[in-house]
Structure formats: C-alpha cells, structure tokens
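Just below is one structure, and these are the notes that go with it.
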Number of protein chains: 2
Amino acid sequence: MEARNTIQRSLVYEAVQQLCHPTAEEAWTFIHQKHPSVSKATVYRNLGVLAQSGALRKISLPDGADHFDSTLSEHYHIRCRLCGLVADVDMPHQERMTDLIKDAAGFLVEGHDIILKGLCPACAQRCPAG
Amino acid sequence: MEARNTIQRSLVYEAVQQLCHPTAEEAWTFIHQKHPSVSKATVYRNLGVLAQSGALRKISLPDGADHFDSTLSEHYHIRCRLCGLVADVDMPHQERMTDLIKDAAGFLVEGHDIILKGLCPACAQRCPAG
DNA sequence: ATTTATGCAAATCATTTGCACATAG
DNA sequence: CTATGTGCAAATGATTTGCATAAAT
C-alpha cells in the first residue's frame, strides 16, 4: 500500500493548515470552493490516511465532529462551550503529565488525550454570567 | 421541569452501577433481559438526564460510543486499543493537573477530560508485539 | 500494467426526535 | 389534573463503504 501524491491529498493537507483545526466538513467546504469536483468521501479518506501516517493529528472531541490539526508537536486543545472554537493549549510542565501517566490500572499506556472545555475570551465577555 | 422517579430511570441507573462503564447499548441490553418493554430511546434519554443532573458521568471516547460511569469522584479512564475495555485510572497527584490547567489560551477553563489509551493486561499478554 | 485513489450513492453507527399514549406528582 | 416520561419508528449527523472509473507510479 504505497501512498500516492494526488491533488486531492495535497488539497486536504493544505486546507487543514490554512483553516486551523477544521472539521472534515469545514475542510471540504473550503476545498470545494476552488475545486468543486472533490467529493466529501475523498476528504474523509485523505484525512484518515494523513492522520494514520502521522502527517496530521486527529482531535476527537466529545459531542461533535472530529477536528484535524497540522501541528504535530505535542500539545492539547480547548473548546469553547458556546461557540465551539477550538484552540491550542501549550501546557507548561506538561512533561509531568506524561510522567504521571506511566502506569494506569495495569495497562500498558501508549498515549493520552486531554481536552479542556470552557469559554473563549469573546464568549466569556459576551456572557459574563456563563 | 421536575424530574420524576420512574421505574425505567432507576433501571438505567442500576444498570450503569452493575455494568461498570457500559455504553447506552450495553445498558439497554442488560435492562432488556428482565424488562423487555424498555426501549432504547428511554435508556438514551435517561442516561442524558442522569448525566445532566450529575447522578452519572458521561465518558466520551474517540472512535466509538459514549460510556457511562456511576463513580462521581474525579478520576480518569483508559481504554484498551484491542478489546475496548474501559478502566478507571486513579492518578496520583492529579491535583497538579488541575492546577496546571487554570489558564489556557486565554480561555476561562471549566473542566477537562483525560483519556488514556493502551493495552489492557490481558491483551498485552496475548499480543506481545502489540 | 498494476495498484491505489476518486466520485457517487447507499450504508452504517450512535444518538435524537416527533408524536400519541401512559403515568408520577 | 397536568406536566413529565415512555415506546415506537422515523430522522439526524458524522463517517464509512461498495463499486465502476480515473489517475499515479
């Protein structure tokens, strides 16, 4: 299974770069503007291939579609409860996290995801009460 | 919107207690054995109501159905990549985690989820190569 | 040439919803 | 009584898949 360089695959990769954390749908909408013939299935397939190969990171969020990230260095994400905005979180001392997680219930730990939730600056201001 | 005590609601709560981290489907299968008239929609609805009210915790996992937990004290979860088993993780010093997470990209942080992934003891033994 | 990728439409999976009826308070 | 809950079946949303064709190597 040799991966090939198709136009669609590049377009998908570039869309994720440009859009910062898009969903598959968002990436497709973006691509579809200039390249109306690209199908949604192809976008999904290429997001899968690229995430599998490590070229992209898949961000799975509770309640909603997956997002995709072209930043590969380890970092976490936060989503605004109100507007859905997804942002990067560079956590200081996050190495500690990784250390703490070495043993868990006898499992062989291979990785972890951290998803924060809260209010983005704009929504926090707009809705002071929450 | 006063919550009422229905037989179905109790059955759903008890199923989650008994089964430890079941999905909605698993809870329904369990309940359905002794109470064949209970519908899946009702199980979903009550899981939602109970999670909303804080009586249960919803565990959202990447790639797959949500699980539900009757243990309310703060802890995290790990899922086996091979068999799907979900287990509790009591993380030492997890308070540090909470401290670290106070500020993130200017967001007002309200909570966080940590999902670990790896191999459960049984699968690790069965597939030494991974 | 041969294998991988694409586009389309249909299928799948988890979950939600509209509606008429049942039941808890 | 009256609001909330239930069962059913149909709808939804995200993602995947079968299949014939197209394109990359």
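Each chain gets a letter, A, B and so on, in the order the sequences are listed, and its residues count up from 1. Side chains included, hydrogens not; waters and symmetry mates left out as well; all remaining heavy atoms used.
With sequence neighbours excluded, no residue forms a salt bridge (Lys or Arg N to Asp or Glu O under 4.0 Å) with B:D69. Evaluation of the side chain to side chain contact (heavy atoms under 4.5 Å, CB included) rule for B:K58 yields A:D63, B:A51, B:S60, B:D66, B:F68 as partners, not counting sequence neighbours. Every residue two or more places apart in sequence or in another chain that forms a salt bridge (Lys or Arg N to Asp or Glu O under 4.0 Å) with B:E25 is listed here: B:K40. Partners of A:S53 by side chain to side chain contact (heavy atoms under 4.5 Å, CB included), not counting sequence neighbours, listed by chain and number: A:A55. Residues forming a side chain to side chain contact (heavy atoms under 4.5 Å, CB included) with B:Q52 (at least two apart in sequence, or on another chain): none.
Here the CD1 atom belonging to A:I59 is positioned 8.5 Å from the OG1 atom belonging to A:T71, to the nearest 0.5 angstrom.
In this structure, A:R9 places its CZ atom 11 Å from C1' of D:dA24, rounding to the nearest Å. As a whole-Å value, the separation of A:K40 NZ from D:dT15 P is 10 Å. Between B:I7 atom CD1 and C:dA22 atom C1' the separation is 12 Å, expressed in whole Å. A straight line from CG of A:N5 to C1' of C:dT4 spans 12 Å, rounded to a whole angstrom.
For A:Q8, no side-chain nitrogen or oxygen approaches OP1 or OP2 of D:dA23 to under 4.0 Å. The phosphate of D:dA23 has neither OP1 nor OP2 within less than 4.0 Å of any side-chain N or O from A:R4. In this model, the phosphate group of D:dG7 is approached by a side-chain N or O of B:T42 to a distance below 4.0 Å at OP1 or OP2. Under 4.0 angstrom from either OP1 or OP2 of D:dT15 there lies at least one side-chain N or O belonging to A:Y44.
For the contact set between residues 45-67 of chain A and DNA chain C, defined by any heavy atom under 4.0 Å, the members are A:R45, A:N46. Residues from residues 16-37 of chain B placing a heavy atom under 4.0 Å of any atom in DNA chain C do not occur.
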Could you walk me through whether A:V12 and A:L50 satisfy the side chain to side chain contact (heavy atoms under 4.5 Å, CB included) test, starting with their C-alpha distance in whole Å, then the side-chain angles of each, then the deciding distance to 0.1 Å, before giving a yes or no? CA-CA 9 Å; A:V12 168; A:L50 293 167; 4.0 Å; yes
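Proximity of a side-chain donor or acceptor of B:R81 to a complementary backbone N or O of A:E110 within less than 3.5 Å is not detected.
Among B:D113, B:L116, B:I114, the single residue meeting the side-chain contact (heavy atoms from CB on, under 4.5 Å) criterion with A:I114 is B:I114.
Applying the side chain to side chain donor-acceptor pair (under 3.5 Å) rule to pairs touching residues 28-39 of chain B yields B:S39-B:T42, sequence neighbours excluded.
Within the hydrophobic cluster formed by Ile, Leu, Val, Met, Phe, Trp and Tyr side chains joined at under 4.5 Å, directly or through other members, A:L72 stands alone, with no partner residue. Annotation for B:Y44: hydrophobic cluster partners, listed by chain and number, are none (ILVMFWY side-chain heavy atoms under 4.5 Å, direct or chained).
Taking five base pairs at each end of the helix from C:dA1-D:dT25 to C:dA14-D:dT12 and finding the rotation axis that steps the C1' atoms of four pairs onto the next four gives two axes whose angle is 30°, to the nearest 10°.
Taking the six-membered ring for Trp and thresholds of 30 and 60 degrees, B:H77 and B:H21 have ring planes more than 60 degrees apart, a perpendicular arrangement.
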At a cut-off of 3.5 Å, list every protein nitrogen or oxygen paired with a nitrogen or oxygen from nucleotides 9-11 of chain D, distance to 0.1 Å.
none

